[in-house]
Amino acid sequence: MVAITLPDGSVRTYDRPVTGADLAADIGPGLAKAALAVKVNGVLKDLLLPLTADSKVAIVTKKDPDALELLRHDAAHVLAEAVQELFPGTQVTIGPAIENGFYYDFARKEPFTLDDLPKIEAKMREIVDRDEPIRREVWDRNEAITYFRKIGELYKAELIQDLPTSEPISIYRQGDKWLDLCLGPHLPSTGKLGKAFKLTKVAGAYWRGDSTKAMLTRIYGTAWADDKQMAEYLTMLEEAEKRDHRKIGQEMDLFHLQSEAQGSIFWHPKGYMLWRQLETYMRRRLDAAGYQEVKTPQLMHAKQWEASGHWGKYRENMFVVPDEVPNTEEQGPVLSGKGELLALKPMNCPAHVLIFRQGIKSYRDLPLRMAEFGCCHRNEPHGALHGIMRVRQFTQDDAHIFCREDQIVDEVRMFCELLDVVYKDLGFDRYAIKLALRPEKRFGTDEMWDRAENNLREAVRLAGRMGPEYGWQELPGEGAFYSPKLEFHLTDAIGRTWQCGTIQLDYVLPERLDAAYVGEDGAKHRPVMLHRAILGAFERFIGILIEHHAGKFPLWLAPVQATVCTITDEADDYADEVAATLRANGLRVETDLRNEKINYKVREHSLAKVPVLVVVGKKEAETRGVALRRLGGQAQEILALDEATDRLAKEAAIPGTQS
RNA sequence: GCCGACGUAGCUCAGGGGUAGAGCAACUGAUUCGUAAUCAGUAGGUCCGCGGUUCAAUUCCGCGCGUCGGCACCA
């Protein structure tokens with residue numbers, strides 16, 4: 001007897017093992033048709049797996065969130081079958097479901113190109129139409145290896161060889177000819193996949209994610225339960241493209257990049273205004289939170305980087321500069337090569353410890369919060385560079401808190417609170433907090449890690465941010481080698497997430513660089529160092545701000561806050577006066593006195609994403625009024641100049657500055 | 001760094017073995033107009049760089065650089 005408990009609590013008993021398909025058919029013909037898989041005691045299984053023991057079973061259909069992963073995984077298999085049908089001799093490797101879709105990695109002498117995708121996609125649809133049954137088989141391990149070697153699937157043979165011997169070798173047969181090694185589960189047939197999928201791109205990818213191994217060709221696709229979902233996803237992609245910070249940065253004349261300074265940004269006046277506003281804002285928040293701002297050297301002697309440990313571990317990412325006057329002889333070598341080596345700082349921590357070490361620190365000095373908008377250089381691999389998001393010169397909103405062990409929880413809690421205020425001021429309502437736990441390779445004792453991890457947990461709990469609304473999550477193995485860390489991932493206007501903030505404990509650097517304070521007991525003690533950032537780097541964060549707001553910045557951040565537009569040249573003098581008045585009240589204002597129609601001006605400045613248009617014509621000049629038009633709206637608001645000035649000045653105030 | 005695609009006017013892009021074209025922007029002139037494009041004219045290019053093939057290369061080939069999409073990297 002097998003007793004199956006369904007999600008509604010009802011129990012069905014059978015005198016022999018049944019499959020999910022039998023069960024679905026038993027419940028109703030509609031369900032039998034819609035069934036894709038079963039969830040047995042919470043685990044997804046094939047629909048045709050015989051259930052031999054009493055269990056809780058739910059039938060999974062397309063409506064189920066779990067179905068998406070199945071569909072995507074099947075799409076990957078259908079892709080693989082299509083490719084092998086069209087391009088015999090191509091080896092299959094691995095093809096998982098991923099966020100929003102799937103991919104499959106192939107080994108082929110000629111890599112695939114974008115032009116191959118339509119043909120492959122058409123073949124995939126054909127395979128779906130064929131509705132090939134998908135069946136699981138368990139093979140003998142050695143036979144499987146021999147089989148895959150024989151048919152030339154060397155990657156598959158390698159995979160099987162590396163599977164733990166306790167694992168059964170499960171093979172999924174798709175139709176009568178094609179099969180693939182796979183853990184499963186899968187749909188009962190290719191027809192169940194449906195047609196809401198699309199191949200999106202080709203890319204290179206290393207075998208097993210290892211850059212010393214072969215480069216394979218990866219084909220990416222997206223797959224959904226229905227066309228509507230897919231259409232929504234594609235719309236989101238289009239929206240993301242429209243918001244691309246590189247595009248908006250050019251349209252709004254914020255910055256540019258050029259090959260002569262690869263990976264470093266030329267900030268134009270408007271882009272740098274954005275930066276200055278953000279920096280001013282951050283500085284005020286940090287001042288109020290008890291931080292002390294410092295500025296430290298860009299270049300330090302290699303010896304110092306040796307002492308901090310960076311020279312050994314991080315040198316390949318550092319820009320090294322010889323401390324030497326270049327030769328001025330035409331033909332001679334530029335440098336003799338005898339100079340001492342300096343390096344541009346890739347991070348600020350060692351310099352902060354050096355400041356801490358000046359003079360004798362007492363326990364009364366702690367916690368000491370040292371902040372720097374620190375300009376760092378890292379020689380990132382060329383392929384990693386991306387717009388202003390991943391660059392080689394960047395400025396961190398960095399700070400280090402030197403404190404006693406018993407102050408950690410309080411300091412981390414206060415950091416969480418500060419970060420919350422900053423993100424909300426900058427227009428981000430949602431963010432997730434994650435705790436990255438000890439990695440396999442690490443310094444220190446387990447006891448030390450227990451304590452460190454617990455401190456961070458406790459601080460988040462005290463800050464009241466451990467609930468699901470803050471996406472609390474613990475990530476095993478993701479911590480730095482010297483400490484666990486909290487990560488703060490914010491969600492932007494179109495649902496993408498970005499890790500920005502971080503705080504991590506460090507017991508190692510104070511030790512290496514001999515930072516110490518005198519305790520109440522008169523003895524020398526090691527402070528703990530908390531590395532923390534809220535924005536991460538200004539460059540990247542401004543990129544995120546651009547994409548989040550799609551260039552339509554809140555008034556206080558907008559590079560140009562208002563443009564005064566005239567309707568006829570009779571209003572020119574008055575327009576200048578209006579602009580002067582607004583400027584005198586701290587607003588960033590431009591005028592447009594060109595001999596153009598007001599429609600033209602409104603269009604142009606709207607496209608330029610100026611938040612407020614101040615329109616003045618003969619009427620306004622006579623009554624000393626202004627007509628305000630907000631970006632994104634069509635309404636006009638007629639106000640007296642004085643009132644408009646007051647109102648705009650208040651609205652444009654940097655957050656947190658009124659009280 | 002690796003795989004692939006791309007690189008033409010300020011921008012978006014078309015073209016193609018016989019030294020280049022559109023729209024927008026710019027400039028000049030006319031127009032003085034009430035909330036998302038007034039009209040006309042003018043000017044603008046080392047077709048990413050270097051080499052090769054060719055009578056002739058921006059076009060074909062090779063190499064380099066950069067950008068883009070991924071991978072790897074992000075102590």
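Letters A, B, ... mirror the listed sequences (proteins, then strands); counts begin at 1.
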Round to the nearest Å and state the distance from [X] atom [atom1] to [N] atom [atom2].
X        : N     : atom1 : atom2 : answer
A:Arg246 : B:G66 : CZ    : C1'   : 14 Å
A:Glu241 : B:C68 : CD    : P     : 13 Å
A:Met389 : B:C73 : CE    : C1'   : 18 Å
A:Leu117 : B:G69 : CG    : P     : 17 Å
A:Phe106 : B:G70 : CZ    : C1'   : 15 Å
A:Met318 : B:C73 : CE    : C1'   : 17 Å
A:Leu631 : B:A36 : CG    : P     : 13 Å
A:Asn599 : B:U35 : CG    : P     : 6 Å

Counting the atoms with a prime plus P, OP1 and OP2 as sugar-phosphate, which does [X] contact under 4.0 Å by heavy atoms, base, sugar-phosphate, or nothing?
X        : answer
A:Glu637 : nothing
A:Lys313 : nothing
A:Arg390 : base
A:Gly479 : nothing
A:Tyr482 : base
A:Lys601 : nothing
A:Gly209 : sugar-phosphate
A:Gln250 : sugar-phosphate
A:His386 : sugar-phosphate

Side chains of [X] and [Y] only: does a donor on one sit below 3.5 Å from an acceptor on the other?
X        : Y        : result
A:Lys601 : A:Thr566 : yes
A:His256 : A:Gln250 : no
A:Asn317 : A:Asn379 : no
A:Glu153 : A:Gln84  : yes
A:Lys618 : A:Thr568 : no

Under 4.0 Å from OP1 or OP2 of [N]: is there any side-chain N or O of [X] that close?
X        : N     : value
A:Arg603 : B:U35 : no
A:Lys201 : B:G70 : yes
A:Arg629 : B:A36 : yes
A:Arg594 : B:U38 : no

Let's test this: given Watson-Crick or G-U wobble pairing with both distances under 3.5 Å, identify the partner of [N].
N     : result
B:A37 : none
B:C60 : B:G52
B:U42 : B:A26
B:C47 : none
B:G69 : B:C3
B:A9  : none

Next item on the list: Could you tell me whether A:Asp573 atom CG has more than 12 heavy atoms of other residues or ligands within 6.0 Å of it?
Entry: no
With [atom1] as the reference atom in both, quote the distance from [N] to [M] in angstrom, rounded to an integer.
N     : M     : atom1 : result
B:U46 : B:C61 : P     : 24 Å
B:U54 : B:C24 : C1'   : 39 Å
B:A9  : B:G44 : P     : 15 Å
B:U35 : B:G21 : P     : 41 Å
B:A26 : B:A14 : P     : 24 Å
B:U38 : B:A25 : P     : 9 Å
B:A22 : B:G15 : P     : 15 Å

Which one, [options], comes nearest to the side chain of [X]?
X        : options             : value
A:Ile567 : B:G69, B:C33, B:C73 : B:C33
A:Cys349 : B:A36, B:U32, B:A75 : B:A75
A:Tyr600 : B:A25, B:C73, B:A75 : B:A25

Look for any protein N or O under 3.5 Å of an N or O in nucleotides 1-7 of chain B and output each such pair with its distance, or none.
| unit_1 | atom_1 | unit_2 | atom_2 | d |
| --- | --- | --- | --- | --- |
| B:G1 | OP2 | A:His382 | ND1 | 2.9 |
| B:G1 | N7 | A:Gly383 | N | 3.3 |
| B:G1 | N2 | A:Tyr206 | OH | 2.4 |
| B:C2 | O4' | A:Tyr206 | OH | 3.1 |
| B:C3 | O2 | A:Gly204 | N | 3.2 |

Margin query: For the residue pair A:Lys201 and A:Tyr220, would you count it as a cation-pi contact if the rule is NZ or CZ under 6.0 angstrom from the ring centre and within 45 degrees of the ring axis?
Written below: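 Here A:Lys201 passes the 6.0 Å and 45° test against A:Tyr220.
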Next item on the list: Identify whether NZ of Lys or CZ of Arg in A:Arg108 sits under 6.0 Å from the centre of the six-membered ring of A:Phe112 and within 45° of that ring's axis.
Entry: yes
Notebook entry, point to check: Does A:Asp514 come within less than 4.0 Å of A:Arg526, counting only side-chain N to carboxylate O?
Noted result: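 Looking at A:Arg526 together with A:Asp514, the answer is yes, because their closest N to O distance falls below 4.0 Å.
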Item checked: Test: A:Asp105 and A:Arg218 ion pair at under 4.0 Å -> yes
Check: What class does the angle between the rings of A:Tyr482 and A:His531 fall in, given that below 30° is parallel, 30 to 60° is tilted and above 60° is perpendicular?
Finding: tilted
Note to self: Below 30° counts as parallel, above 60° as perpendicular, anything between as tilted: where do the rings of A:Phe481 and A:Phe443 land?
What the structure shows: perpendicular
Checklist line | For A:Trp267, all residues meeting side chain to side chain donor-acceptor pair (under 3.5 Å), sequence neighbours excluded | finding: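 Applying side chain to side chain donor-acceptor pair (under 3.5 Å) to A:Trp267 gives none.
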Next item on the list: Mind listing the residues from residues 252-273 of chain A sitting with a heavy atom below 4.0 Å of RNA chain B? Number order is fine.
Entry: A:Ser259, A:Gln262
